[in-house]
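Notes follow once the structure below has been shown.
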Amino acid sequence: MNHPDEMIYPHYAIVGLRPVKVVKTLEGGLDVLVFDWKTGELVRDLNYLVPATMPTDQWDVEWLSEEEFDRSLAELRAKIMPSTRD
């Protein structure tokens, strides 16, 4: 998916290897949630705000649909989480 000309929130990206979700706050600002490699959860990390909203050649950014983002999260979580199957 190409960089959207107009940002609609939430929006989804892979920055480097990390899934990133950018959402609007109730106050009208932006918040950035990134994949935590240890827990598999999305955690706040504003260091990804610029690459996830105004990428440059410095960052490898892939824009995703919500479905692609969810699939990416599921795949990464399956890799880092121990299996609960008997």
Side-chain angles (χ1 to χ4, degrees):
M1 183 178 215
N2 292 330
H3 178 276
D5 292 329
E6 183 178 325
M7 290 290 181
I8 298 171
Y9 299 98
H11 79 260
Y12 309 90
I14 302 290
V15 178
L17 298 174
R18 186 175 297 236
V20 177
K21 179 179 179 179
V22 181
V23 297
K24 277 202 170 204
T25 65
L26 294 176
E27 298 80 24
L30 296 176
D31 205 358
V32 182
L33 304 171
V34 303
F35 183 78
D36 183 302
W37 297 105
K38 292 180 184 175
T39 67
E41 298 298 318
L42 293 177
V43 297
R44 187 174 201 231
D45 188 341
L46 294 178
N47 291 315
Y48 284 82
L49 179 61
V50 171
T53 59
M54 298 176 282
T56 66
D57 291 340
Q58 179 182 357
W59 297 93
D60 180 24
V61 179
E62 177 185 356
W63 305 104
L64 304 176
S65 68
E66 183 176 5
E67 293 78 19
E68 292 169 322
F69 182 80
D70 290 342
R71 190 169 40 254
S72 176
L73 286 180
E75 290 170 1
L76 287 171
R77 287 174 175 152
K79 289 179 183 178
I80 67 167
M81 303 300 237
S83 176
T84 57
R85 292 182 225 152
D86 293 325

Worksheet item: Are the side chain of His11 and the backbone N or O of Glu66 linked by a donor-acceptor pair below 3.5 Å?
Response: no
Worksheet entry | Phe69 and Pro19, any side-chain heavy atoms less than 4.5 Å apart | yes
Discussion item. Show, in sequence, the C-alpha distance, side-chain angles and deciding distance for Leu33 and Val20, and conclude whether the side-chain contact (heavy atoms from CB on, under 4.5 Å) test is met.
Written reply: CA-CA 6 Å; Leu33 304 171; Val20 177; over 6 Å; no
Worksheet item: Side chains of Phe35 and Val15: closer than 4.5 Å at any heavy-atom pair?
Response: no
Fill in: Heavy-atom closest contact (Ile80 atom, Trp37 atom, distance)
CD1-O, 3.2 Å
Practice prompt. Provide the closest heavy-atom pair for Thr25 versus Leu30 in the form atom of the first, atom of the second, distance.
Written response: CG2-C, 3.9 Å
Fill in: Joint hydrophobic cluster, Trp63 plus Val23, side-chain heavy atoms closer than 4.5 Å
no
Worksheet, complete the sentence: Nearest heavy-atom approach of Arg77 to Gly40 is NE-O, 2.5 Å
Item to complete: Please name the pair of heavy atoms, one in Val61 and one in Pro51, separated by the smallest distance, quoted to 0.1 Å.
Response: CG2-O, 3.5 Å
Worksheet entry | Minimum side-chain heavy-atom gap Thr53-Val22 below 4.5 Å | yes
Item to complete: Would you confirm whether Ser72, through its side chain, and Glu68, through its main-chain N or O, come within 3.5 Å as a donor-acceptor pair?
Response: no
Fill in: salt bridge (charged side-chain N to carboxylate O under 4.0 Å, His left out) contacts in which one or both residues fall within residues 29-50, not counting sequence neighbours
Asp31-Arg44
